[in-house]
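In what follows, a single structure is set out as structure tokens and then discussed.
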Number of protein chains: 2
Amino acid sequence: MSTHAAIAAHANRAVPGYLVSALAMTPNAGMGAALGAGVGAAIQPRNPADPLASLGHAKVYERETTVFTEGDAAGSVFRVMSGMVRLYKMLPDGRRQIIGFLQAGDMMGLAFAAQYLYTAETVTATTIQRIPRLELDALMDAQPAFARKLLSATTSELMAAQDQMVLLGRKTAAEKVATFLLRLSDRKCSGKGDDHTIDLPMGRSDIADHLGLTTETVSRTLTKLKSSRLIRILVGGKLDLLDRDALADLAGGF
Amino acid sequence: MSTHAAIAAHANRAVPGYLVSALAMTPNAGMGAALGAGVGAAIQPRNPADPLASLGHAKVYERETTVFTEGDAAGSVFRVMSGMVRLYKMLPDGRRQIIGFLQAGDMMGLAFAAQYLYTAETVTATTIQRIPRLELDALMDAQPAFARKLLSATTSELMAAQDQMVLLGRKTAAEKVATFLLRLSDRKCSGKGDDHTIDLPMGRSDIADHLGLTTETVSRTLTKLKSSRLIRILVGGKLDLLDRDALADLAGGF
DNA sequence: CGACTGCTTGAAGGATTTCAAGACGGGTGG
DNA sequence: CCACCCGTCTTGAAATCCTTCAAGCAGTCG
């Protein structure tokens with residue numbers, strides 16, 4: 001159940017309305033999203049074909065700023081234009097689980113519920129487009145194809161969430177960290193520059209809370225990867241993947 | 001990322017097409033799903049208002065039977081009419097993570113990808129409606145409202161997946177088991193009979209692989225709950241929740 | 001009635017956490 | 001421009017929860 005509870009099971013805790021799902025929603029992200037679609041291009045929020053471009057308005061948030069909090073009334077959805085955001089849920093006693101990190105092109109707050117289901121905070125300085133729920137509704141009504149894109153994007157999120165469940169439930173610390181680094185690397189696709197240098201703008205405790213570990217374990221694991229010559233840790237939150245194949249082995253599956 | 005990788009990040013590993021998402025899709029499950037909607041009623045796959053009722057055809061599967069396997073070409077989506085199904089992903093070395101358990105009304109295989117992303121097996125004897133992807137597409141084209149229902153249902157799945165991440169990443173064994181039992185209990189809503197007796201048709205190792213534990217730990221934890229008079233273990237895979245409040249405390253948040 | 005399979009229980013081991021200092025680095029102010 | 005400061009990261013050692021390894025036990029099914 002849990003992961004597949006029927007709508008009915010949720011009905012008593014969430015009034016219909018947009019809520020909390022985070023998902024990637026880029027101009028090229030729809031059903032027809034061809035293989036290799038966009039990558040770089042898809043990240044262009046100002047793509048002329050972007051149906052969302054004219055909605056709402058963008059705002060710059062400083063680093064370590066709250067965008068919205070779990071439980072807030074959910075009146076808008078958001079799209080990250082640049083920078084990085086973390087989404088997390090907290091247990092009553094303060095334990096935190098980071099659901100994911102969002103980058104340019106990713107959307108959040110898109111779901112049917114009256115309140116946001118998690119908290120969104122910026123990691124770095126971030127530009128975020130805020131789109132009132134009503135405007136999005138109107139767009140969905142006007143463009144059925146757009147509704148399909150949302151479904152497709154949400155579905156992709158679900159796939160990613162399932163991979164994360166495997167990681168959290170069945171992987172060791174080393175596998176978790178290796179998987180995380182490889183995902184970051186696949187994700188960026190930043191075209192320019194070394195394709196093996198990745199950005200780690202978030203702190204160790206963010207990584208830990210995403211992987212179900214402690215900061216100490218993350219640090220120790222990274223140190224071990226460094227000693228094994230699989231990675232090189234650079235200043236300024238950057239990191240080189242020196243042996244992607246070995247990392248993939250360590251990651252044990254995707 | 002992981003959990004929120006942009007579509008583009010998936011584009012190179014999954015050709016568009018229906019795939020893997022599992023979600024609850026019942027007649028009353030749409031956007032308008034009122035609070036308290038259906039529960040019992042929503043579980044009625046033959047509800048007259050059910051747009052899916054006339055699609056595909058139903059088949060009975062024996063217990064412990066494979067419905068489809070991760071990697072199979074994904075040509076159909078499925079809806080559980082009765083019984084229970086488990087969905088899981090495996091790591092190359094055999095470690096298994098059960099993504100969720102499906103009951104009457106839940107759908108699976110609904111996503112945009114060429115292959116199924118996980119394996120579906122029956123736990124008990126189960127009746128399953130198989131719906132060719134093309135028929136579902138046609139229905140979505142014909143009934144925009146239906147597409148919204150799918151989006152809503154998928155979104156609910158995502159919410160559940162996020163809760164499961166918190167469980168897997170940040171809860172202790174006792175909290176995991178308590179949470180699992182409470183979810184099962186909330187889920188069933190079987191109207192009739194003791195509202196504190198729940199069905200546990202799956203084995204200990206299924207529970208373990210869903211919660212990120214071992215069968216021994218699950219067994220020990222259940223024994224401890226029994227000793228504490230919080231539950232009573234009955235024959236035939238049934239179980240009484242004797243102190244729901246205490247369990248909720250133990251569960252530490254939803 | 002015996003063998004099988006799954007559940008329970010015990011004891012030992014290990015991976016990760018917890019507790020506790022240091023080291024590093026980056027930013028600020030003198 | 002350098003030094004100080006503070007937060008973060010790293011490293012160490014002890015503790016712990018959970019796993020692993022190993023038997024018993026129990027319900028089932030031929």
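Numbered from 1 within each chain, the chains take letters A, B, ... in sequence-line order. Remember, predicted model here, so these are calculated numbers, not experimental data.
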*asked:* Just the rounded figure in Å: distance from P of dT8(C) to CG of Leu239(B).
replied: 10 Å
*asked:* What contact category does Gly212(A) fall into here, base, sugar-phosphate, or nothing, at under 4.0 angstrom with non-hydrogen atoms?
replied: sugar-phosphate
*To the nearest Å, how far apart are Leu222(A) CG and dT11(D) P?*
10 Å
*asked:* Using a 3.5 Å distance criterion without hydrogens, assess whether the side chain of Asp72(B) forms a donor-acceptor pair with backbone atoms of Thr69(B).
replied: yes
_Integer-rounded Å distance: dC18(D) C1' and Leu168(B) CG_ = 15 Å
_I need a per-nucleotide contact map over nucleotides 22-27 of chain C, read 5' to 3'. Cutoff is protein heavy atoms under 4.0 Å; write B for the base, S for backbone only, - otherwise._
------
*Heavy-atom contacts under 4.0 Å between residues 213-221 of chain B and DNA chain D, which residues?*
Leu213(B), Thr214(B), Glu216(B), Thr217(B), Arg220(B)
*So, Thr126(A) and Arg63(A): side-chain donor and acceptor under 3.5 Å apart, yes or no?*
no
*Take Arg95(B) and Met90(B), measure what side chain to side chain contact (heavy atoms under 4.5 Å, CB included) needs, and give me the verdict at the end.*
CA-CA 6 Å; Arg95(B) 281 173 290 176; Met90(B) 293 250 292; over 6 Å; no
*In whole angstrom, give the distance that lies between atom NZ of Lys226(B) and atom C1' of dT9(C).*
11 Å
*Rounding to a whole Å, what distance do you find between Ile207(B):CD1 and dG6(C):P?*
14 Å
*Residues Asp209(A), Arg86(A): salt bridge by 4.0 Å N-O rule*: no
_Point-to-point distance, once rounded to the nearest 0.5 Å, from CG of Leu247(A) to CG of Leu181(A)_ = 6.5 Å
*State the OG1-CG distance between Thr122(B) and Leu102(B), to the nearest 0.5 angstrom.*
12.0 Å
*Per the end-axis method with five pairs at each terminus, what is the bend angle of the helix from dC1(C)-dG30(D) to dG30(C)-dC1(D), to 10°?*
30°
_Residues in side chain to side chain contact (heavy atoms under 4.5 Å, CB included) contact with Ala246(B), at least two apart in sequence or another chain_ = Leu230(B), Asp243(B)
*Kindly say whether the aromatic ring centers of Tyr118(A) and Tyr88(A) come within a distance under 6.0 Å.*
no
*Arg63(B) has an atom CZ; how far is it from atom C1' of dT28(D), in whole Å?*
11 Å
*Between Arg229(A) and Asp240(A), is there a side-chain N and carboxylate O pair less than 4.0 Å apart?*
no
*Measure from the side-chain N and O atoms of His210(A) to the backbone N and O of Ile98(A), and report whether any donor-acceptor pair falls under 3.5 Å.*
yes
*Any donor-acceptor pair under 3.5 Å from Thr215(A) side chain to Arg204(A) backbone*: no
*What residues, two or more places apart in sequence or in another chain, satisfy side chain to side chain donor-acceptor pair (under 3.5 Å) together with Asp245(B)?*
none
*Classify every nucleotide of nucleotides 2-8 of chain D by which part a protein heavy atom approaches to under 4.0 Å, writing B for the base, S for the sugar-phosphate alone and - for neither, in 5'-to-3' order.*
-------
*Taking OP1 and OP2 of dG6(C), is either one under 4.0 Å from a side-chain nitrogen or oxygen of Ser205(B)?*
no
_Between the side chains of Arg187(A) and Asp106(A), is the shortest nitrogen-to-carboxylate-oxygen separation below 4.0 Å, so that they form an ion pair?_
yes
*Think Lys59(A) forms a cation-pi with Tyr61(A), using NZ or CZ under 6.0 Å from the six-ring centre and within 45 degrees of its axis?*
yes
*Roughly, in whole Å, what's the span from CG in Leu211(A) to P in dT17(C)?*
10 Å
*Spacing of Leu200(B) atom CG relative to dG6(C) atom P, expressed in whole Å*: 16 Å
